[in-house]
Number of protein chains: 2
Amino acid sequence: MPKLWNETIETHRRDVRHAILATTAALVAERGLLNVTMSQIAEQTGIGRATLYKYFPDVEAILRAWHAERIAHHLAHLIDVRDQAVGPAQRLEAVLEAFAVISHGSHGHFDTDLVALLHRDEQVGHAQEQVRHVIRDLLAEAAAAGEVRADVAPAELAAYCVHALAAAGTLPSKAAVRRLVAVTLAGLRPIA
Amino acid sequence: MPKLWNETIETHRRDVRHAILATTAALVAERGLLNVTMSQIAEQTGIGRATLYKYFPDVEAILRAWHAERIAHHLAHLIDVRDQAVGPAQRLEAVLEAFAVISHGSHGHFDTDLVALLHRDEQVGHAQEQVRHVIRDLLAEAAAAGEVRADVAPAELAAYCVHALAAAGTLPSKAAVRRLVAVTLAGLRPIA
DNA sequence: ATTTATCAAGACGTAGTGTCTCGATCCCGT
DNA sequence: ACGGGATCGAGACACTACGTCTTGATAAAT
């Protein structure tokens, strides 16, 4: 007897998939990456093991999908924040602040380095690159406007921003996150 | 027939342990974190499975030990670099540069975020904290000398440095690493 | 109402685990 | 050189998880 039926087959599939992703992330957070099995995931999700295998071939595939969804969500949010700001420097600052808030909320839960730990999957790396590209393009705009240093390539500055703001996950408060953004922006300032 | 005997029992134990750590890290790099088993590790190391279980209870314990050794090695190196420099700003710059070089060499191979991915082990986190404390103390010295901004706590600035310089693992060249260090240091500069 | 899709329990063979035994080998201390 | 102690690996054993398959039940789609 299926336990997760509600509307159409399509929404049902989406709901099951989402439940699998959410349950897996929770199990990994609770028990660690190496101590989660397909049997546990099926049981905690409330579906059969055979059903789980119809959605994903293994734990690694589930984690990749979970990560890709989170990155896509973050990307959409950052683009939204970018589009609501005006002026190169303001847009950059708004996006970096939003990124830091995201990092702060995730508390470093394998958000950024999953690619390295799941055998360097190109798809996962690609999703992260999209976020970096948004930031790189904003840096290029701000550099062209003379509001960001132009002696370092925007791609390198984007890597700096993404990693520096990942520290937000280790900070205790929103105020500390704002200071981190200010310090990061200070590193981008044009040289006098 | 034991395959790794040479000198004393103590050196033998150390050699076996080191071989296990090195083989495990290589297997993880090759096959990914979730696809490495105790049976594979024993086989590739050239020891029996029962022997492997005498050294470590599971894969996670091996990875923790591997990580702790690398952190200890990095820490010793950073302290050495620190002690060879003179003056607060010079010592800070020297240590940050050395840290960036280490990050560059590791190419992000689960060096920094293993703690988050292996179920938040306090021991692993503690080892990383020692590195951060060295940098934090250098920041405090430099701030007291007026060479680093004092409006942000040294612990927060240390988190910023460690994460920003972790970007070195994604950079293609030593020159890019040097630019990253310069950008990171720019973020630390006292406000005019 | 019929067709199509999804489902879960159970079975099956496989792989890996974790522990134990035992004979072989080597280091250590005298 | 010898006896004692330590380590070793192969194999056995019972267990867990896997990955696939079958089958009858349930639900959506037409």
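Note: hydrogens, waters and symmetry copies are ignored here, and every other heavy atom, side chains too, is used. Below, chains carry the letters A, B, ... as their sequence lines are ordered, and counting in each starts from 1. Note that the coordinates shown come from a computational prediction; the quantities given were computed from them, not determined experimentally.
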Protein-nucleotide distance ([X], atom [atom1]; [N], atom [atom2]), rounded to Å:
X: I20(A); N: dC7(C); atom1: CD1; atom2: C1'; answer: 12 Å
X: N35(B); N: dG16(C); atom1: CG; atom2: C1'; answer: 13 Å
X: K54(A); N: dT22(D); atom1: NZ; atom2: P; answer: 12 Å
X: R14(B); N: dC27(C); atom1: CZ; atom2: P; answer: 15 Å
X: M38(A); N: dA8(C); atom1: CE; atom2: C1'; answer: 15 Å
X: E10(A); N: dA29(D); atom1: CD; atom2: P; answer: 9 Å
X: L34(A); N: dG16(C); atom1: CG; atom2: C1'; answer: 15 Å

Looking only at the side chain of [X] (C-beta and beyond, no hydrogens), which of the listed nucleotides [options] gets closest?
X: Y55(A); options: dC7(C), dG19(D), dG16(C); value: dC7(C)
X: I47(B); options: dA8(C), dG9(D), dC7(C); value: dG9(D)
X: I9(B); options: dC7(C), dC27(C), dA28(D); value: dC27(C)
X: Y53(A); options: dC27(C), dT20(D), dC7(C); value: dT20(D)

Separation between CD (E93(A)) and CD (E147(A)), nearest 0.5 Å, reads 10.5 Å

Just wondering, are more than 12 heavy atoms of other shown residues or ligands nearer than 6.0 Å to NE2 in H133(B)?
yes

Is any N or O donor-acceptor pair between the side chain of R49(A) and the base of dG19(D) shorter than 3.5 Å?
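Such a pair exists between side chain and base.
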
Tell me whether the side-chain N/O atoms of H12(A) come closer than 4.0 Å to OP1 or OP2 in dA5(C).
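Result: no.
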
Salt bridge or not between E141(B) and R82(B)? Use side-chain N to carboxylate O under 4.0 Å.
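Salt bridge: no.
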
What nucleic acid atoms does T37(B) come within less than 4.0 Å of, heavy atoms only: base, sugar-phosphate, or nothing?
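It contacts sugar-phosphate atoms only.
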
